Protein chains: 2
Amino acid sequence: MENRIEKIKKQLHSQSYKLTPQREATVRVLLEHEEDHLSAEDIYLLVKEKSPEIGLATVYRTLELLSELKVVDKINFGDGVSRYDLRKEGAEHFHHHLVCVECGSVKEIEDDLLGDVEKIVESQWEFKVKDHRLTFHGICNKCQNRENE
Amino acid sequence: MENRIEKIKKQLHSQSYKLTPQREATVRVLLEHEEDHLSAEDIYLLVKEKSPEIGLATVYRTLELLSELKVVDKINFGDGVSRYDLRKEGAEHFHHHLVCVECGSVKEIEDDLLGDVEKIVESQWEFKVKDHRLTFHGICNKCQNRENE
DNA sequence: TATAAAACACAAATTAATATCATTACAATT
DNA sequence: AATTGTAATGATATTAATTTGTGTTTTATA
């Protein structure tokens, strides 16, 4: 935990940004809810619990900054709000998501499944791939079992 | 063209919706701009050219309806607006997009590149895939050439 | 043609996100 | 230590996209 904060601090410093208390509080919330795909509003409320004086705009600005630095990925499942995911350490790419259309749960996949597909895209369409985002919509493990009962 | 409108009409009727003049005008705009990834506002302005009395809310409701019926796909490239793409005839899946980070152009790919990947997801995570959305971010053909000059 | 349901236009409300701006924190410099 | 300049902050207003009322009109069908 402290370790990862240290790293993010260095990443900020390398671009001459500072890890202010507000930014640190925001990062801590992200670290404590890594699996949760929180919206900016969610994050704001959680940060506020420990640092009640923080403003919503600051949270937005922090998330925007972290997004530029590729510390977090800003994702959009089409429900009107942006969500923010910490990028896993060392991960070069955006991770993928499995969104269950029954229960709404979101599972993450770290594996890079698209190596071959990217090669096809690069050769066939002469498109230099920098990043990708892939989401599957379907029915999760649990909901499948529930239906079979 | 008329053919495809006929089909959409039947699809609406099958769920006991009507293809009203306003809805038809909206569908025509979509058909005439199939490659363009229009926003609701864009579509509204185009429909208005031929049917000036239409309301924006009607366009939104129409797009929402078409989206439910899987006639169009509602997509979001993270720029704050939803865009609406006609689903290709017979296409079971969402098509993919190549978004150029230089010039903002968007190219579509019809090919189903994810057959193998879906199999992996289904077996390894026991997730029944219904649909997917895949977007690549990178540098398009034209911008690559421009940079090399 | 009568009738009820559906769809409509327009206005108003909601919501996420951004912009503005006065204030504050902080580091570098004198 | 005082000064100065820059960046960050918080409160609030504003914007922009979308959704939701409301009363009216259209449409299908009996």
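Because the structure is a prediction, the values reported are computed rather than measured. Lettering of chains follows the sequences in order, A, B, ..., and the numbering in each one begins at 1.
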Give the nucleotide from the list dA7(C), dA17(C), dT20(D) with an atom nearest to the side chain of Tyr60(A). dA17(C)
Just the rounded figure in Å: distance from C1' of dT18(C) to CG of Leu65(A). 16 Å
Which nucleotide wins on minimum distance to the side chain of Arg23(A), given the candidates dA8(D), dG10(D), dA9(C)? dA8(D)
Pick base, sugar-phosphate or nothing for Ile54(B), based on heavy-atom distances below 4.0 Å to the nucleic acid. sugar-phosphate
Winner on side-chain proximity to Ala57(A), out of dA19(C), dA6(C), dC8(C), is dA19(C)
Answer with yes or no after comparing the ring centroid distance for His137(B) and Phe94(A) against a 6.0 Å cut-off, counting only values under it. no
Give the rounded distance in Å between these two atoms: CG of Leu63(B) and P of dA17(D). 14 Å
Whole angstrom value for the distance that separates P of dA17(D) from CD of Glu64(B): 17 Å
At what distance, to the nearest 0.5 angstrom, does OH of Tyr84(B) lie from CG of Asp73(B)? 11.5 Å
When you measure from the side-chain N and O atoms of Thr20(B) to the phosphate of dA7(C), is any distance below 4.0 Å, counting only OP1 and OP2? no
Measure the distance from CD on Gln22(B) to P on dC10(C) and round it to the nearest whole Å. 11 Å
Closest nucleotide among dT18(D), dA8(D), dA6(C) to the Lys18(B) side chain: dA6(C)
Considering just the side-chain nitrogens and oxygens of Thr58(B), establish if one lies under 4.0 Å of OP1 or OP2 belonging to dA9(C). yes
For the residue pair His33(B) and Asp42(B), confirm or rule out a side-chain donor-acceptor distance under 3.5 Å. no
Would you indicate, yes or no, if dA16(C) has its OP1 or OP2 atom less than 4.0 angstrom from a side-chain nitrogen or oxygen of Ser82(A)? no
Looking at every strand, decide which applies to Ser39(A) at a 4.0 Å heavy-atom threshold: base, sugar-phosphate, or nothing. nothing
Return the 5'-most residue of the pair Arg61(A), Ala40(A) with respect to DNA chain C, ranking by each residue's nearest nucleotide. Ala40(A)
Leu19(B) CG to dT27(D) P, in whole Å, measures 12 Å
Using atom types as modelled and distance alone, determine if a side-chain donor or acceptor of Ser123(B) lies under 3.5 Å from a backbone N or O of Ile120(B). yes
Looking for any heavy atom pair under 4.0 Å, which part of the strands does Glu41(A) touch: base, sugar-phosphate only, or nothing? nothing
Rounded distance in Å - OH (Tyr84(A)) to P (dA16(C)): 12 Å
Within this structure, what is the CG-to-C1' distance between Leu56(B) and dT20(D), rounded to whole angstrom? 13 Å
Is a side-chain donor or acceptor of Glu110(A) paired with a backbone partner of His95(A) at a separation under 3.5 angstrom? no
Separation of dT18(D) C1' from Asn76(A) CG (nearest whole Å): 14 Å
On DNA chain D, does the nearest nucleotide to Pro21(B) precede the nearest nucleotide to Tyr17(A) from the 5' side, or the other way round? Give the residue. Tyr17(A)
